[in-house]
2 protein chains.
Amino acid sequence: MIYSQHPASREILKHVCSRWGVLILIALLHGKHRFSELRNKMGGVSEKMLAQSLRSLTEDGFVLRVAYPVVPPFVEYSLTPLGEEVAKRVAALADWIETNLPQVLEARQSAEHAAKPSDQKSGPPPVSSG
Amino acid sequence: MIYSQHPASREILKHVCSRWGVLILIALLHGKHRFSELRNKMGGVSEKMLAQSLRSLTEDGFVLRVAYPVVPPFVEYSLTPLGEEVAKRVAALADWIETNLPQVLEARQSAEHAAKPSDQKSGPPPVSSG
DNA sequence: GTAAGTACGTACAAATAGGTAAGTATGAAA
DNA sequence: TTTCATACTTACCTATTTGTACGTACTTAC
């Protein structure tokens, strides 16, 4: 069907499939989180990347940002209805990968000593003459 | 639950969510393709990236590569059973994004003149004292 | 005055993804 | 001999992404 379609589609896919985008969506599937909670929960995010990913997802309408006028700052992030939909699909993909990780690892093992792209399979050629 | 788990999970997710990985998987959901067919179908892929993405997916056990010993070369790519599973989930995500593209675009419009991260919402603070 | 705590922004550097153009191997066709 | 076609590989370069480190605003605690 669609092999590229709207360039915006790729952009959105990038946001939700990005290194931290996936983690944010999955985390928010479990309920609202504040900035620091997300930062602590997801090991290894820099504040810069967390803020940036959060902003993309918010602009795409997937995440709702609510800031309270207190000090020190208190900001809550949650999924919008639209965001829940994508998050579920992203989570489904991520979960599948995790579940089937052993099979992929096994496939990689086999690939190590298997036929390389330069090798060729013996068998009948699909075309005899042009 | 899992916010990073195995580093290999992220790697696999990268492969299937990469710019060309998605397109390859979706294309192969419609049946086997040879290298040049994929290149022509997906506008804008460089041969380098196509080969590289194909190799990653093949190593992960998602794509089956069959090369016939003819000249000029004839190589067919198809999905393995494992590959069909991921492909379906990736396609589900991609399709959803495409379908809901108008809503995302609308959300972005609203975001343009909406509250910026520095703005704050008026309302009761969730905490009064530590 | 200084430090702490929170949610960011920003400048700079490093890493990675991606593109371009060319080369390789092979045998048939011209 | 040169050309063509296919499925790649390689070298080189650019663009995008991500990380590091520091700065900011504001108020309470010391």
Side-chain angles (χ1 to χ4, degrees), chain A residues 4 7 10-11 13-24 32-59 63 65-77 115-121 125-130, chain B residues 4 7 10-11 13-24 32-40 42-58 63 65-77 115-121 125-130:
Chain A
S4 59
R10 290 197 201 143
E11 207 178 324
L13 202 113
K14 254 189 180 180
H15 294 163
V16 304
C17 278
S18 72
R19 171 153 198 193
W20 305 115
V22 195
L23 285 308
I24 290 172
K32 58 172 65 170
H33 285 67
R34 47 190 304 197
F35 188 88
S36 52
E37 287 173 345
L38 288 171
R39 186 194 52 205
N40 297 335
K41 215 158 182 174
M42 303 157 41
V45 221
S46 60
E47 297 196 335
K48 173 195 156 191
M49 285 314 296
L50 182 55
Q52 188 174 303
S53 305
L54 241 13
R55 184 198 284 254
S56 300
L57 295 174
T58 302
E59 285 173 354
V63 166
R65 191 192 103 107
V66 178
Y68 296 93
V70 294
V71 65
F74 190 102
V75 180
E76 275 179 346
Y77 291 96
K116 281 149 204 164
S118 52
D119 294 339
Q120 297 197 325
K121 183 200 187 187
V127 288
S128 53
S129 62
Chain B
S4 60
R10 290 198 199 143
E11 207 179 326
L13 202 114
K14 254 190 178 179
H15 294 163
V16 303
C17 278
S18 73
R19 172 152 197 192
W20 305 116
V22 194
L23 286 308
I24 290 172
K32 57 172 68 169
H33 286 67
R34 47 190 302 200
F35 188 87
S36 52
E37 287 172 343
L38 288 171
R39 186 192 53 204
N40 296 336
M42 303 158 40
V45 222
S46 61
E47 297 196 335
K48 171 194 156 190
M49 285 315 296
L50 182 55
Q52 188 174 301
S53 305
L54 242 13
R55 183 196 285 254
S56 299
L57 295 174
T58 302
V63 166
R65 192 191 102 109
V66 177
Y68 296 94
V70 294
V71 65
F74 190 103
V75 181
E76 275 178 346
Y77 291 95
K116 281 147 203 163
S118 51
D119 296 338
Q120 295 199 326
K121 185 199 185 187
V127 289
S128 52
S129 64

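Letters A, B, ... are given to chains in the order of the sequence lines, protein chains preceding strands, and every chain is numbered from 1. The structure presented is a predicted model; accordingly, all values stated were derived computationally and were not measured.
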**Q** Output one letter per nucleotide in nucleotides 10-23 of chain C: B when a protein non-hydrogen atom lies under 4.0 Å from the base, S when only the sugar-phosphate is that close, - when neither is.
**A** BB-----SBBB---
**Q** Measure the distance from CD on B:Glu76 to C1' on D:dC8 and round it to the nearest whole Å.
**A** 17 Å
**Q** Would you give a per-nucleotide map of nucleotides 24-30 of chain D, 5' to 3', where B means the base has a protein non-hydrogen atom under 4.0 Å away, S means only the sugar-phosphate does, and - means neither?
**A** --BS---
**Q** In whole Å, what is the span from the CG atom of A:Leu54 to the C1' atom of C:dA7?
**A** 10 Å
**Q** Rounded to the nearest angstrom, tell me the gap between atom CZ in A:Arg55 and atom P in D:dT18.
**A**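 Computing the A:Arg55:CZ to D:dT18:P distance gives 16 Å.
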**Q** Just to verify, which of B:Arg65, B:Gln52, B:His15 counts as forming a side-chain contact (heavy atoms from CB on, under 4.5 Å) with B:Leu57?
**A**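 Result: among B:Arg65, B:Gln52, B:His15, B:His15 is the only option passing the side-chain contact (heavy atoms from CB on, under 4.5 Å) with B:Leu57.
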**Q** Just the rounded figure in Å: distance from P of C:dC8 to CG of A:Leu38.
**A** 10 Å
**Q** So does A:Arg34 get a side-chain nitrogen or oxygen closer than 4.0 Å to the phosphate oxygens (OP1/OP2) of C:dA7?
**A** yes
**Q** Separation of A:His15 atom NE2 from D:dT16 atom P, in whole Å?
**A** 13 Å
**Q** Is the ring pair A:Tyr77/A:Phe35 parallel, tilted or perpendicular, if the boundaries are 30 and 60 degrees?
**A** tilted
**Q** What bend angle does the helix from C:dG1-D:dC30 to C:dA30-D:dT1 show across its length, from five-pair end axes and to the nearest 10 degrees?
**A**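 Computed from the C1' atoms at both ends, the axes differ by 40°.
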**Q** Could you work out, with side chain to side chain contact (heavy atoms under 4.5 Å, CB included) as the rule, every residue matching B:Lys14, not counting sequence neighbours?
**A**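 Listed in chain order: nothing, the list is empty.
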**Q** Check salt bridge (Lys or Arg N to Asp or Glu O under 4.0 Å) between B:Glu37 and all other residues, then give those that pass, not counting sequence neighbours.
**A**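 With sequence neighbours excluded, B:Glu37 shows a salt bridge (Lys or Arg N to Asp or Glu O under 4.0 Å) to no residue whatsoever.
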**Q** If I take atom CG in residue A:Leu23 and atom C1' in nucleotide D:dT18, what distance separates them, rounded to the nearest angstrom?
**A** 14 Å
**Q** At what distance, to the nearest 0.5 angstrom, does NE2 of A:His33 lie from CG of A:Asn40?
**A** 10.5 Å
**Q** Which distance, rounded to the nearest 0.5 Å, do you find between the CG of A:Leu38 and the CD of A:Glu47?
**A**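 Here the interatomic distance stands at 12.0 Å.
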**Q** Measure CD/A:Glu37 against P/C:dC8 and give the value in whole Å, please.
**A**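 Nearest whole value for this atom pair: 13 Å.
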**Q** Under 4.0 Å between a side-chain N/O of B:Ser36 and OP1 or OP2 of D:dA5, yes or no?
**A** no
**Q** I want to check something: taking the side chain as every heavy atom from C-beta on, are A:Arg10 and A:Pro7 in contact at a cut-off of under 4.5 Å?
**A** no
**Q** Any non-hydrogen side-chain atom of A:Ile24 less than 4.5 Å from a side-chain atom of A:Val45?
**A**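 No; the side chains remain at least 4.5 Å from each other.
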**Q** In whole Å, I'd like the distance from the CZ atom of B:Phe74 to the P atom of C:dA28.
**A**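 Checked: the CZ to P distance equals 18 Å.
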**Q** What's the separation between atom OG in A:Ser56 and atom CH2 in A:Trp20, rounded to the nearest 0.5 Å?
**A** 14.5 Å
**Q** Listed by chain and number, what are the salt bridge (Lys or Arg N to Asp or Glu O under 4.0 Å) partners of B:Arg34, not counting sequence neighbours?
**A**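 By the salt bridge (Lys or Arg N to Asp or Glu O under 4.0 Å) rule, B:Arg34 matches no residue at all.
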**Q** Phosphate oxygens OP1/OP2 of C:dT26: is one of them under 4.0 Å from a side-chain N or O of B:Tyr68?
**A** no
